[in-house]
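What follows is a single structure, written as structure tokens, with notes after it.
Remember, it's a predicted structure, so these values are computed and weren't measured experimentally.
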Amino acid sequence: MPQNPHATSSDGSLPDSIPLAQRIESAVELDGESEVVTRALSLMAGNNEGDSFLILVGGEHAQGILDGAPPLYWPELWGTRTLLYAWDESAAPAVIRALGNPAWRVREMAARVIAARDLPAVAELTALITDDTPRVRIAAARALGAVGTMDDLDSIRTLLKDPLVEVRRGAQQARDALRARFPKSPSTESQ
């Protein structure tokens, strides 16, 4: 008889072989969304939330940390990423603050969460348009495309001349997203 791939292990954690979205969904069912969000925010703040939660949100890669590798920014990243799947409005300030995290992967993920959760962070995203890391610039542009207004088109337009094609492509997608969100805006007619 095949084993249930979604069954919890003896310590109550979920196997890291199932997709993250399903692991988070199961954790929300077991512990409640508020608890999962609270623990994700704690990881974002640099706290230890225990081995099973780290494996839950970090998957097989978290095992390296548990085996002694330096955690660097990974728990903060995984805590931020968790907010793509579990949410409470109380998390918004922490996500916006994460745009200033020294680790570029955390800044990138925070921008993705802001876009997904439609958070008001236009000024903070605009500041990331000049980030040193191309993936952060792309994430900031896409997030502006998701939460900004046509007034933000000039910020996005600066990235259309970025030296990297991936950044230019992300800026084009952001510009297209704004135009799709504001199809009858007078400023879209001339741009």
Side-chain angles (χ1 to χ4, degrees), residues 5-9 11-63 65-66 71-129 131 133 135-136 138-149 152 174 177-178 181:
H6 304 289
T8 59
S9 64
D11 69 355
S13 65
L14 295 165
D16 62 10
S17 59
I18 65 173
L20 176 63
Q22 290 175 336
R23 293 194 315 262
I24 300 299
E25 181 182 330
S26 293
V28 165
E29 288 175 15
L30 290 170
D31 300 325
E33 193 157 27
S34 178
E35 177 67 15
V36 172
V37 169
T38 297
R39 294 182 80 186
L41 291 171
S42 181
L43 280 181
M44 289 173 67
N47 299 318
N48 182 343
E49 281 299 315
D51 295 359
S52 63
F53 192 75
L54 195 65
I55 292 288
L56 172 80
V57 299
E60 64 188 31
H61 304 290
Q63 190 60 51
I65 291 172
L66 298 178
L72 303 173
Y73 52 79
W74 292 106
E76 293 170 65
L77 171 65
W78 298 330
T80 307
R81 182 179 65 184
T82 298
L83 299 175
L84 289 171
Y85 306 100
W87 183 249
D88 183 274
E89 289 300 320
S90 66
V95 174
I96 294 169
R97 276 192 309 274
L99 291 173
N101 191 289
W104 70 265
R105 289 182 189 269
V106 176
R107 293 192 307 274
E108 176 191 31
M109 186 57 65
R112 289 182 57 200
V113 173
I114 285 168
R117 299 298 178 184
D118 196 24
L119 300 181
V122 170
E124 295 87 346
L125 292 168
T126 301
L128 290 181
I129 292 291
D131 195 273
T133 305
R135 285 178 45 177
V136 174
I138 293 167
R142 288 181 177 156
L144 278 172
V147 303
T149 68
D152 301 307
L178 275 178
R181 289 179 50 232

Residues that [X] engages under side chain to side chain donor-acceptor pair (under 3.5 Å), provided they are two or more places apart:
| X | answer |
| --- | --- |
| N48 | none |
| D51 | none |
| W74 | none |

For a quick test of reading the model, state the closest non-hydrogen atom pair linking [X] to [Y] and the distance between them.
| X | Y | result |
| --- | --- | --- |
| A27 | L56 | CB-CD2, 3.7 Å |
| V147 | A115 | CG1-CA, 4.2 Å |
| A140 | L125 | CB-O, 3.7 Å |
| M109 | L77 | CB-CD1, 3.5 Å |
| I129 | L144 | CD1-CD1, 3.9 Å |

With [X] via side chain to side chain contact (heavy atoms under 4.5 Å, CB included) - residues at least two apart:
| X | answer |
| --- | --- |
| A139 | E108, A111 |
| I138 | R142, E166, V167 |
| A92 | W87, L119 |
| A62 | L54, I55, W78 |

Roughly how far, to the nearest 0.5 Å, is CZ of R81 from CD1 of I24?
8.0 Å
Pair listing, salt bridge (charged side-chain N to carboxylate O under 4.0 Å, His left out) test, anchored in residues 28-40, at least two apart
R39-E49
Keeping the roles fixed (side chain from S26, backbone from Q22), state whether a donor-acceptor pair exists under 3.5 Å.
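Such a contact is found between S26 side chain and Q22 backbone.
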Please confirm whether the backbone N or O of R135 pairs with a side-chain atom of R107, one donor and one acceptor, at under 3.5 Å?
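Checking the backbone N and O of R135 against the side chain of R107, no donor-acceptor pair under 3.5 Å is found.
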Residue set satisfying salt bridge (charged side-chain N to carboxylate O under 4.0 Å, His left out) with D152, at least two apart, ordered chain then number -> none
Indicate yes or no: at least one non-hydrogen side-chain atom of L83 is less than 4.5 angstrom from one of L41.
yes
Side chains of L20 and L84 in contact at under 4.5 Å (non-hydrogen atoms):
no
Any side chain to side chain donor-acceptor pair (under 3.5 Å) involving residues 114-124? Give me the pairs, sequence neighbours left out, ordered by first then second residue.
none
Give every donor-acceptor pair under 3.5 Å between a side-chain atom in residues 96-106 and any protein atom, sequence neighbours left out.
| unit_1 | atom_1 | unit_2 | atom_2 | d |
| --- | --- | --- | --- | --- |
| N101 | OD1 | A103 | N | 2.8 |
| N101 | ND2 | E76 | OE1 | 2.7 |
| R105 | NE | Y73 | OH | 3.1 |

